[in-house]
Asks: 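The structure is given below, and queries will be raised subsequently.
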Amino acid sequence: MNNIITTDRLDLYYGAFQALINVGLNVEQNKITALIGPSGCGKSTLLRVFNRMNDLIEGVRTTGSVKVGGEEILGPGVDLVSLRKKVGMVFQRPNPFPLTIYENVVYGLRIHGEKDRKVLDQAVEKSLSSVLLFADLKDKLSSNALSLSLEQQQRLCIARLLAVLPEVLLMDEPCSALDPLATMRIEELMLELKKRYTIVIVTHNMQQAARISDECGFMLLGELVEFGPTKRIFTAPKDKRTEDYITGRFG
Amino acid sequence: MMDARTKEKIAFNVLLALTLLVILPVALIVGVILWRGLPAITPEFLFAMPREGMRAGGIFPAIVGTFYLILGVAFFSIPLGVLAAIYLNEYSERNRLTRLIELAIINLAGVPSIVYGLFGLGLFVTFLGFGSSILAGALTLTIEGLPVIITATREALNTVPRSFREVSFSLGASRWQTVRHVVLPNAIPGIMTGAILELSRAAGETAPILFTVAAFYLPRLPQSVYDQAMVLPYHIYVLSTQVPNVSVKVQYGTVLVLVGMVFLLNVLAAWIRARLRKKKTW
């Protein structure tokens, strides 16, 4: 199996508070890896280690090792632009820019210096097709992205990310602002996307993790309590705390 | 003894009456200025040079001087204030230096305006040798107005949702690209509102321009930034205290022009803000 993300003895501190404790896990290529656990357990923080988004928060200190595609990404000398192109992120609330649909999709490309109209047009078609929006939106590419439904907005945000050709998609509770039907459709999309991308998803919805993920990690108070194939985690958890959580005894 | 309801009625009416008192000075000022100044406003008054020792003719040079001065203030204070605000808001970490800068800004806002005037006289007019000039006056007003522009810009930047910045960074954009393409475009209307309000305040300032730019009387319009200029606030002072036998009409007319100028700038700012509110959908 091909590990695309590996962490080893990863600790993360917000000032004096330790938010991640000795986390070691492997994320396999073209699989969906889910991180579950109660609020505040550190699952979003862990996700944000993979594209160094925690750097935006003052007073964060990370030690240990995190490798993406075999390359160490902690430490000061890392090229964050190429890391973030490779490891993209979808956020909890759909957050398109108040621009046209077209401009939203090409934002990343423009930032990275692409000016050729043809290349941009192709990227828009390809990215929107990947999230199954192109057929619906191809005639209204110049309307404001904020006029779309929440589900469409979230798809657009995924398309905006796909346009910069990432390898890993980090998804931070991507369905928490959506209704059940929209959630189902986004889940179908994720199953489709994993053929070409590696997905790491944070969710507080255990059913969602059970439905779509191949690997699953349970986190509690900053620790990765248990990590393994989703089927096994949900049917035969080894740790008592995992069992208590997935059977709904707390959380 | 009065019952609670009667007391409530009295309290309500007293409070209302006191609040209405606030309107009184504004209504009086505007009313009197309009009543006595409006008859003075003619094309000649607005667009001609003064005659008969400023007792007749127009106030064109003072209008032009004020306009040039405002342009100068905009030229210096908007870039400086906006860039400083971007640094403080988007770049700097909270440390001793930024706290010192913020303290300086707050204190700058508390300095009496005559002190700015004397500071400008010392630094720009004398030490840097600009003389009493539009340049020196604009720089003095710029320093006085910086806290307002910086604060207004930071407020405008803060209204841009954090999530926009996060997405931009997550797509590999640098800080400057994020500011340039995401934050600034969404903050510009707010920044413009703040800047225009600051310019309108600068237009009415008297003390800072007293020694740095204002001329008692000039027979011609300013030709360069190193020239002195006649400016409306100082001209009003001159007409009402320094020149004998100026007709009331001319005095009030000049006041009306200044108030009208400031009013127009404020209306412009309010209009931009209203448009921004309507457009904002996130």
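Numbered from 1 within each chain, the chains take letters A, B, ... in sequence-line order. On a predicted model such as this, the values are computed, not experimentally measured, just so you know.
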Asks: Report the C-alpha distance between S170(B) and M53(A) in whole Å, list the side-chain angles of each, state the deciding distance to 0.1 Å, and finish with yes or no for side-chain contact (heavy atoms from CB on, under 4.5 Å).
Replies: CA-CA 7 Å; S170(B) 81; M53(A) 284 296 277; 4.0 Å; yes
Asks: Which atom pair, heavy atoms only, marks the closest approach of P98(A) to N186(B)?
Replies: CG-OD1, 3.3 Å
Asks: Tell me whether the count of non-hydrogen atoms from other residues, nucleotides or ligands lying under 6.0 Å of CZ in F67(B) goes above 12.
Replies: no
Asks: Given a strict heavy-atom distance threshold of 4.5 Å, which part of R180(B) is in contact with chain A: side chain, backbone, both, or neither?
Replies: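 Neither part.
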Asks: Quick one: does P161(B)'s side chain get under 4.5 Å of N95(A)'s, heavy atoms only?
Replies: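 Not in contact.
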Asks: Can you confirm whether more than 12 heavy atoms, excluding those of R185(A), are under 6.0 Å from its CZ atom?
Replies: yes
Asks: Start with the C-alpha gap between H181(B) and E103(A), add the side-chain angles, then the distance that decides, and say whether side-chain contact (heavy atoms from CB on, under 4.5 Å) holds.
Replies: CA-CA 11 Å; H181(B) 295 286; E103(A) 283 304 320; over 6 Å; no
Asks: Tell me if the OH atom of Y226(B) is crowded by more than 12 foreign heavy atoms within 6.0 Å.
Replies: no
Asks: Which heavy atom in F164(B) sits nearest to a heavy atom in F97(A), and how many Å separate them?
Replies: O-CE2, 3.5 Å
Asks: Does any heavy atom of chain B fall under 4.5 Å from the side chain of P96(A), the backbone, both, or neither of them?
Replies: backbone
Asks: Do the non-hydrogen side-chain atoms of E166(B) and R48(A) ever get within less than 4.5 Å of each other?
Replies: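 SC-SC contact between E166(B) and R48(A) confirmed.
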Asks: Less than 4.5 Å to any heavy atom of chain B: does that hold for the side chain of R160(A), its backbone, both, or neither?
Replies: both
Asks: Looking at every heavy atom in both E58(A) and E93(B), which two are closest together, and how far apart are they?
Replies: OE2-CA, 3.5 Å
Asks: Taking atom NZ of K85(A) and atom CG of L171(B), what is their separation to the nearest 0.5 Å?
Replies: 11.0 Å
Asks: Quick one: which of N51(A), L56(A), V87(A) has the most heavy-atom pairs under 4.5 Å with chain B, could you say?
Replies: L56(A)
Asks: In terms of heavy-atom pairs under 4.5 Å with chain A, which of S163(B), S168(B), P185(B), S174(B) leads?
Replies: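 Looking at each of S163(B), S168(B), P185(B), S174(B) in turn, S168(B) comes out on top.
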Asks: Looking at E72(A), I want to see if its CD is surrounded by more than 12 non-hydrogen atoms of other residues, nucleotides or ligands under 6.0 Å.
Replies: yes
Asks: Closest heavy-atom contact between Y107(A) and A173(B)?
Replies: OH-CB, 4.2 Å
